[in-house]
K.L.:
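Here it is, the structure, as structure tokens.
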Amino acid sequence: MTTFDEIKSSSPDMFPESVHVECREGWAGIVASFLLDARMVCIANATDLRVLAVRQDLGALRIDAEYESADKWLFSRFLLLAEFRSRVTCEECGRPGHMRTTGGWKRCRCDEHSTPEEREQPPRPAWTLGRETSKGFLWYDQAIDDVRIVDDLASIGMPAHHIERRKDGL
Ligand SMILES: [Zn+2]
């Protein structure tokens, strides 16, 4: 399993020693994949990205990174992909899991790393993993482990009133 220490030593330019890591090691593989994608974007667009923090927020992985504001969309697709992946990946061990709630706190865990009560909680439907963006509804298609813009929400079973909107919209 990839660790955050390994990422720091292999990608010190994008993920320096100073990065605040406030999540468990199970998500390090997701961060490593994000950095691979981000590096390709950086090379293609002659720009830079530097991660400031990786943290668990409302049960999901958030990657805080700095880059030129004009590059927002270039990276936002990959930032969202990382977040969606974290919602189906155990934060402890990196194996498949899903979001559980204990005492009002959300956390993504596999069955092994769940409490008996959490094990009773079923996964949310796959269509919940998406976000409205300036380019359209960006949906995480678990079958291909990637995100894509979906024009017809009915095609993925998504009721329109369930669309998740964020004030920091992309
Ligand atoms: Zn686990």
Side-chain angles (χ1 to χ4, degrees), residues 1-12 14-41 49-65 75-133 137-148 150 156-159 162-166 168 170:
M1 191 172 89
T2 306
T3 66
F4 285 112
D5 280 345
E6 285 169 5
I7 297 174
K8 283 178 177 173
S9 44
S10 62
S11 302
M14 301 176 81
F15 200 93
E17 199 64 40
S18 59
V19 172
H20 294 282
V21 176
E22 294 165 16
C23 67
R24 312 285 293 178
E25 291 286 336
W27 287 347
I30 296 172
V31 173
S33 295
F34 165 76
L35 291 174
L36 278 178
D37 289 334
R39 190 175 295 284
M40 283 194 300
V41 172
L49 174 141
R50 195 165 66 93
V51 175
L52 304 174
V54 290
R55 56 199 170 88
Q56 186 264 99
D57 179 34
L58 298 175
L61 170 66
R62 314 282 176 198
I63 299 174
D64 298 328
F75 297 111
S76 58
R77 181 181 176 282
F78 295 122
L79 288 167
L80 281 173
L81 176 59
E83 180 194 318
F84 296 145
R85 281 173 171 160
S86 77
R87 295 209 215 172
V88 291
T89 302
C90 176
E91 187 185 350
E92 293 287 343
C93 68
R95 288 198 291 266
H98 65 262
M99 208 65 86
R100 330 262 180 165
T101 306
T102 297
W105 294 96
K106 289 182 177 173
R107 55 187 212 150
C108 190
R109 293 290 183 276
C110 66
D111 280 345
E112 185 186 328
H113 290 111
S114 295
T115 64
E117 294 76 27
E118 287 174 332
R119 258 172 238 135
E120 305 291 313
Q121 299 173 14
R124 291 173 66 185
W127 48 254
T128 60
L129 292 168
R131 183 82 38 82
E132 185 69 19
T133 74
F137 186 75
L138 190 70
W139 181 59
Y140 176 50
D141 186 344
Q142 289 185 61
I144 58 171
D145 186 31
D146 204 353
V147 286
R148 59 185 171 90
V150 174
I156 59 169
M158 175 75 145
H162 274 278
I163 292 180
E164 189 177 339
R165 296 179 196 281
R166 285 165 61 110
D168 63 347
L170 304 162

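One-based numbering, in listed order, for ligands and for the atoms of each.
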K.L.:
So, using side-chain hydrogen bond (donor to acceptor under 3.5 Å, both in side chains) as the criterion, who are the partners of Arg95 when residues are at least two apart?
P.N.:
Glu112
K.L.:
Within the 4.5 Å heavy-atom criterion, are Arg131 and Phe84 side-chain neighbours or not?
P.N.:
yes
K.L.:
Only protein N/O/S atoms count here: give how many lie under 2.8 Å from the Zn ion (ligand 1).
P.N.:
4
K.L.:
Regarding Asp146 and Tyr140, is there a side-chain donor-to-acceptor distance under 3.5 Å anywhere?
P.N.:
no
K.L.:
Not counting sequence neighbours, list each pair that qualifies as a side chain to side chain donor-acceptor pair (under 3.5 Å) and has a residue in residues 16-28.
P.N.:
Arg24-Glu92
K.L.:
Side chains of Thr102 and Glu117: do they bring a donor and an acceptor to under 3.5 Å?
P.N.:
no
K.L.:
The criterion is salt bridge (Lys or Arg N to Asp or Glu O under 4.0 Å); which residues satisfy it with Asp37, sequence neighbours excluded?
P.N.:
none
